[in-house]
Student: 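The structure follows.
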Amino acid sequence: MEYNFSNIEQKWQQLWNERGSYKVSNDPAKPKFYVLDMFPYPSGAGLHVGHPLGYIASDIFARYKRLKGFNVLHPMGYDAFGLPAEQYAIDHGIHPAVSTETNINNFRRQLDNIGFCFDWSREFRTSTPSYYKWTQWIFLQLFKSWYDRKQGKARAIEDLVKILESEGNAMHPCPGEPRLRLTAAEWKGLDHRRKEEILMGYRLSYCGYGEVNWCEALGTVLANDEVINGVSERGGFPVVKKKLRQWYLRITDYADRLLEGLEKVDFSDAMKEMQSNWIGKSFGAEVTFEVYTAATSERAGANGAGAGEAPRLTVYTTRPDTLFGVDFMVVAPEHDILNSIVPADQKGAVEEYLAYVKSRSERERMAEKKITGCFTGAYAIHPFNGLHIPIWTSEYVLAGYGTGAIMAVPCGDERDFKFAQHFNIPVTNIIGDAFNGLEANPTKDAILENSDFLDGLVMKDAIVIAIKKLEEKGIGVRKVNYRMRDAAFSRQRYWGEPFPIVWKEGIATPMDEKELPLELPHIEKYGPGPEGEGPLANIPAWTGRHLETNTMPGYAGSSWYFLRYMDPHNDEVFCSRAASDYWGQVDLYIGGTEHAVGHLLYSRMWTKFLYDRGLIGHDEPYKRLVNQGMIQGSSRFVYRLELKFIENEGQGKTGKPSMGQDAPVFVSYGIRAIEGTPEFHELVTLEVRNIYNDPSIELESIAISTLHVDVNIVDGVELDIAAFRKWRAEYADARFILEEGKYICGVEVEKMSKRLYNTVNPDDLVNKYGADTFRMYEMFLGPVEASKPWDTKGIEGVHRFLRKLWRLFFDEMKGEIWTTEKATDAELKLVYKTIKKVEDATERFSFNTGVSALMIGVNELTDLRCHKKEVLEKLLVILTPYAPHVSEELWQLLGNEGSVLDAAYPAVEEKYLVESTKNYPIAINGKTRTELNIALDATQQQVEELVLADDLVKKWLDGKAPKKVIYVKHKMINVVV
RNA sequence: GCCCCGGUGGCGGAACUGGUAGACGCGCAGGACUUAAAAUCCUGUUUCCCGCAACGGAAGUACGGGUUCGAUUCCCGUCUGGGGCACCA
């Protein structure tokens, strides 16, 4: 009886399915454990071997927890709204609902192949009305809420209205209009429109104006991804910034709690750091400078009015201590002040510069090494020494951060310094020797000079004093700033959740909750609407109802989906309190780091919001987060020759090969490497003459094109030439210049992508080796968290392991060989040692060493010729999370009742593992020289005597007395000479 | 540019908190079984030096420094690969 994985796997998948083995109920009697994968966006390309990595890890952990007696929730669903489906619709005219359905079915089939323990009865898609009804509902709750900073939580907007009516907004300034001050009487005196406008400034989801990437030629808004070097990825049309009405989430109100919450969760330090960098809390001051400009008087003169009020410039700085090192100011190119301070003689230059900046994406502006900028012609007046400080504008200052303006201190800030150097702006040194004139020094520990009332102070102490002085003068204020901005929550797209908002005379009005869901209408035309509006603006029935034409972004549905799995079929509420109280936080969340700042912050914010409003009982969604690494593709390349033949008139021939002249010729990697040398030219000429059997051929030039080739027709680096000829019709007659009889391909590690022909389909591997082998191999590849290139080569080793395991139970010749004999101590010791290692590895998420421990266990049992049920069935239980099919089959064949899925995880009996001595490595001066077996309870003195009596140690000591003997119990012994 | 992570044999990786570097697997080489192949099993496999051999020596975890009795692990600097940077999901 041999290991027939494909029969076994089919049989058990079917049986488990029929029995509902993975169905889980909300059973308060059992301890719960919630294991969640970041749900997939079902792309048309299907699964490649990189996708299941995290799913396999979570599946192993979920199964492990189940064996440990937990009620495990392990669901799966689809994040089904998104741009690619819509783009596909535009290109192919297939409705996103249709292509999404097809993709999901394909995903499901591929997932089923691998034998996951998902409870599919809880599946949902974010794009179905029964789901997005609740996304819309939560959006409305956000719309109807504001953030009370005094209480530190979200409250109903009605509460705010009551406060405004009774006491005005003195205690609760409006985040949308920070300078607005209202008494109760003033509030009551406002008209409806103005009241709504002010309330909008408080709402947690609100409407405002923001800049987007606008492509006039495509008539659409583009994602940053779709913009490359200032032009659209598709078509290469110019892209500019455009202001459009947008919806936002006021996530900045949650900035502090999102930061503090990180202390309560088990995320990697790297992840926490990324999130807190994103939030970017900084402490500093806003400082307002008077501005001197000729423009004011020009304008005043033109208006015939007086000098008018002088414009002012407010900057944000984290280093008010460097106030006397300011050599210039820089404002963002979008800064409003540029409308009023640029004098006539600088206008041309500034406008030219602004036009240049407009074409550049934010990313490019940040990444660019090139230093650009333009003097505005205006000056800020230093509040303490009255110096005139030139005001520049430059793209390195971003409008969205702080006040969009900075005071530049070149001796202390690297970017400021480079800017000063580039434009020959003299640098003031306020830190003496700490500044060497060659590069900025951002220290806070230097002693200030040339700094008036700050002279002689250490910089970090001067910060407080400077702020105090600024506040006294009324020109500055202490300010906490966040790098994080409110989250843009609308898209000018079709394939997303419609906003349940009706525009009544320009006022955004929430729909009645009873009318939800507001269903996405079916459309035939996916193109953008007029004026950059979304496709919904093309539907008269939609615009006729004055419905919002934007849709929600991809992250809307994913910001709360982990709650829906707890109660997926509830029509009354997004998730019952009973369900969310039982399942609580996601105990283990697995997904890629690419979601570090987007999805994870949004879902954390939504959770906090729902908690604030009493809708759920916990305010952090994920207890523990594990980031699986990215499986990269290992691309293979072939090198096609682009030959130019010399016309050869003298012989009455063209010199061109007479046959197969269109057949492409490829050179092997090693030959390509000498491209450009005379040897290369000679070699290729010779080979081409051979190939075409025409000795008169002369080549004028040889160029090489590097082309991706499907990794599946390359064995290691050697191209399968026959398969290559079949791969593409145009390569059917391909010729090759080989090295040592082989065609060697180039190799590069890249993202795994269909476009690069480096994808490996899990289906093929499951067919060939079985799901159990595939699962174990993915884990064996390396740590789950690590990124690594895929290589199918080692899969045979894991497959051999499973066959070797099988042979502990069955022999090809003798058949059944397992017995019910009593196990020996040695055998029990071995299996307990294995259990301990595997359990420990599983807990630590070190599945690669878990697999390794299982391999060692099987190897050693084989060496002991141990075929005893008592031992083997323990092994099967610990193997179950990794290889459930073969474990279940063997479990049954051993005559066990019930499924191995519900067996109890074997407890380690420590008494079999106790050791009394250890082989200690003995090092002389830190270099291991020998080993000694010493009792574990030996004292320092006993150890010293034993070690110094050893012949080898004596030899190394060479008669000298040791300085010290270091004895670390359980570890090693080091003799210092 | 900024932020985060990584770099160990021919390859994937192991060494959990500083304590025998290279577990386990792949590949490769040699051997056994076989008419042959597959499957399976056995032996070897970081590099260099010496040697019949050794449980002989030296070097060695990207590179250069440092801390320590002892560093793949901690610190500083350099190089290099990957991920993210707000409308891909």
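By convention in this document, chain letters (A, B, ...) are assigned in the order of the sequence lines, proteins followed by strands, and residues within each chain are numbered from 1.
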Student: Side-chain donor-acceptor pairs under 3.5 Å in residues 778-795 of chain A, sequence neighbours left out?
Tutor:
residue, atom, partner, partner atom, Å
Ser787(A), OG, Met630(A), N, 3.0
Lys788(A), NZ, Pro783(A), O, 2.5
Lys788(A), NZ, Ala786(A), O, 3.2
Trp790(A), NE1, Thr792(A), OG1, 2.7
Asp791(A), OD1, Lys793(A), N, 3.0

Student: Of Val626(A), Asn627(A), Leu625(A), which meets side chain to side chain contact (heavy atoms under 4.5 Å, CB included) against Tyr589(A)?
Tutor: Leu625(A)
Student: Whole angstroms only, please: what is the NZ-C1' distance between Lys242(A) and rC87(B)?
Tutor: 16 Å
Student: Taking atom P of rC69(B) as reference, at what distance in whole Å does atom CG of Asn925(A) sit?
Tutor: 11 Å
Student: What integer number of Å spans the P atoms of rC69(B) and rG1(B)?
Tutor: 40 Å
Student: Between the side chains of Tyr55(A) and Gln628(A), does any donor sit under 3.5 Å from an acceptor?
Tutor: no
Student: Apply salt bridge (charged side-chain N to carboxylate O under 4.0 Å, His left out) to Arg604(A) and list each qualifying residue two or more places apart in sequence or on a separate chain.
Tutor: Glu620(A)
Student: Using the closest heavy atom to pick a nucleotide of RNA chain B for each, name whichever of Glu211(A) or Ala786(A) lands nearer the 5' end.
Tutor: Ala786(A)
Student: What does rG44(B) pair with, Watson-Crick or G-U, if both distances are under 3.5 Å?
Tutor: rC28(B)
Student: Would you say Met752(A) and Gln632(A) make side-chain contact, with heavy atoms under 4.5 Å?
Tutor: no
Student: For the pair Trp560(A) and Thr135(A), evaluate side-chain hydrogen bond (donor to acceptor under 3.5 Å, both in side chains) and give the outcome as yes or no after the intermediate values.
Tutor: CA-CA 8 Å; Trp560(A) 71 282; Thr135(A) 308; 3.0 Å; yes
Student: With rounding to the closest Å, how many angstrom separate the C1' atoms on rU80(B) and rU45(B)?
Tutor: 29 Å
Student: According to a strict under-4.0 Å criterion, is Arg491(A) in side-chain N/O contact with OP1 or OP2 of rC87(B)?
Tutor: yes
Student: With sequence neighbours left out, write down each residue that passes side-chain contact (heavy atoms from CB on, under 4.5 Å) with Val838(A), or none if nothing qualifies.
Tutor: Thr834(A), Thr842(A), Ala853(A), Leu854(A), Ile878(A), Tyr882(A), Tyr905(A)
Student: Taking for each residue the nucleotide of RNA chain B with the nearest heavy atom, is it Leu781(A) or Gly598(A) whose nucleotide lies nearer the 5' end?
Tutor: Leu781(A)
Student: When you compare the side chains of Lys804(A) and Asn859(A), does any donor N or O come within less than 3.5 Å of an acceptor on the partner?
Tutor: yes
Student: Is there a donor-acceptor pair under 3.5 Å between the side chain of Lys272(A) and the backbone N or O of Leu262(A)?
Tutor: yes
Student: Taking the six-membered ring for Trp, is the centroid-to-centroid distance between Trp606(A) and Tyr555(A) below 6.0 Å?
Tutor: no
Student: Can you tell me the distance, in whole Å, between the CD atom of Gln275(A) and the P atom of rC85(B)?
Tutor: 13 Å
Student: Heavy atoms under 4.0 Å is the rule here; annotate nucleotides 54-60 of chain B 5' to 3' with B where the base is hit, S where only the sugar-phosphate is, and - elsewhere.
Tutor: ---SSS-
Student: Spell out protein contact along nucleotides 18-26 of chain B as letters: B when the base is contacted, S when just the sugar-phosphate is, - when no protein heavy atom is under 4.0 Å; keep the 5' to 3' order.
Tutor: -BBS-BBSS
Student: For atom P, what is the distance between rG13(B) and rC4(B), given to the nearest Å?
Tutor: 23 Å
Student: Could you please name the partner base of rC33(B), counting Watson-Crick and G-U wobble pairs only when both distances are under 3.5 Å?
Tutor: none
Student: Any strand counts, and the cut-off is 3.5 Å on both contacts for Watson-Crick or G-U wobble. Which nucleotide pairs with rC74(B)?
Tutor: rG66(B)
Student: Pairing check on rG81(B): which nucleotide meets the Watson-Crick or G-U wobble criteria with it, both distances under 3.5 Å?
Tutor: rC5(B)
Student: With rounding to whole Å, what would you report as the distance between rA38(B) and rG30(B) at their P atoms?
Tutor: 14 Å
Student: In whole angstrom, give me the gap between the P atoms of rC16(B) and rC74(B).
Tutor: 12 Å
Student: Going by a 90° cut-off around 0, is rG9(B) syn or anti?
Tutor: syn
Student: Pick the P atom in rG44(B) and in rC26(B), then give their distance to the nearest Å.
Tutor: 16 Å
Student: When you measure from the side chain of Asn213(A), which nucleotide among rC87(B), rC16(B), rG12(B) comes out closest?
Tutor: rC87(B)
Student: Take atom C1' in rA58(B) and the same atom in rC41(B), then report the distance between them in whole Å.
Tutor: 37 Å
Student: If you only use heavy atoms from C-beta on, which nucleotide in rG82(B), rC87(B), rC69(B) is closest to the side chain of Val221(A)?
Tutor: rC87(B)
Student: Whom does rG18(B) pair with, Watson-Crick or G-U wobble, provided both distances fall under 3.5 Å?
Tutor: none
Student: Report yes if the side chains of Lys927(A) and Asn925(A) come closer than 4.5 Å at any heavy-atom pair, otherwise no.
Tutor: no
Student: Is it true that the side chains of Asn550(A) and Gln492(A) contain a donor and an acceptor less than 3.5 Å apart?
Tutor: yes
Student: I'd like to know if Gln492(A) reaches the base of rC87(B) with its side chain, counting only an N/O donor and acceptor under 3.5 Å.
Tutor: yes
Student: Can you tell me how far P in rG7(B) sits from the matching atom in rU61(B), rounded to whole Å?
Tutor: 13 Å
Student: Could you tell me whether Arg491(A) and Glu86(A) have a side-chain N and a carboxylate O separated by less than 4.0 Å?
Tutor: no
Student: What's the CZ-P distance between Arg803(A) and rA38(B), to the nearest Å?
Tutor: 13 Å
Student: Dump the pairs, protein N or O against N or O of nucleotides 2-4 of chain B, anything under 3.5 Å, distances to one decimal.
Tutor:
residue, atom, partner, partner atom, Å
rC3(B), O3', Asn277(A), ND2, 3.1
rC3(B), O2', Asn277(A), ND2, 2.6
rC4(B), OP1, Glu273(A), OE2, 2.4

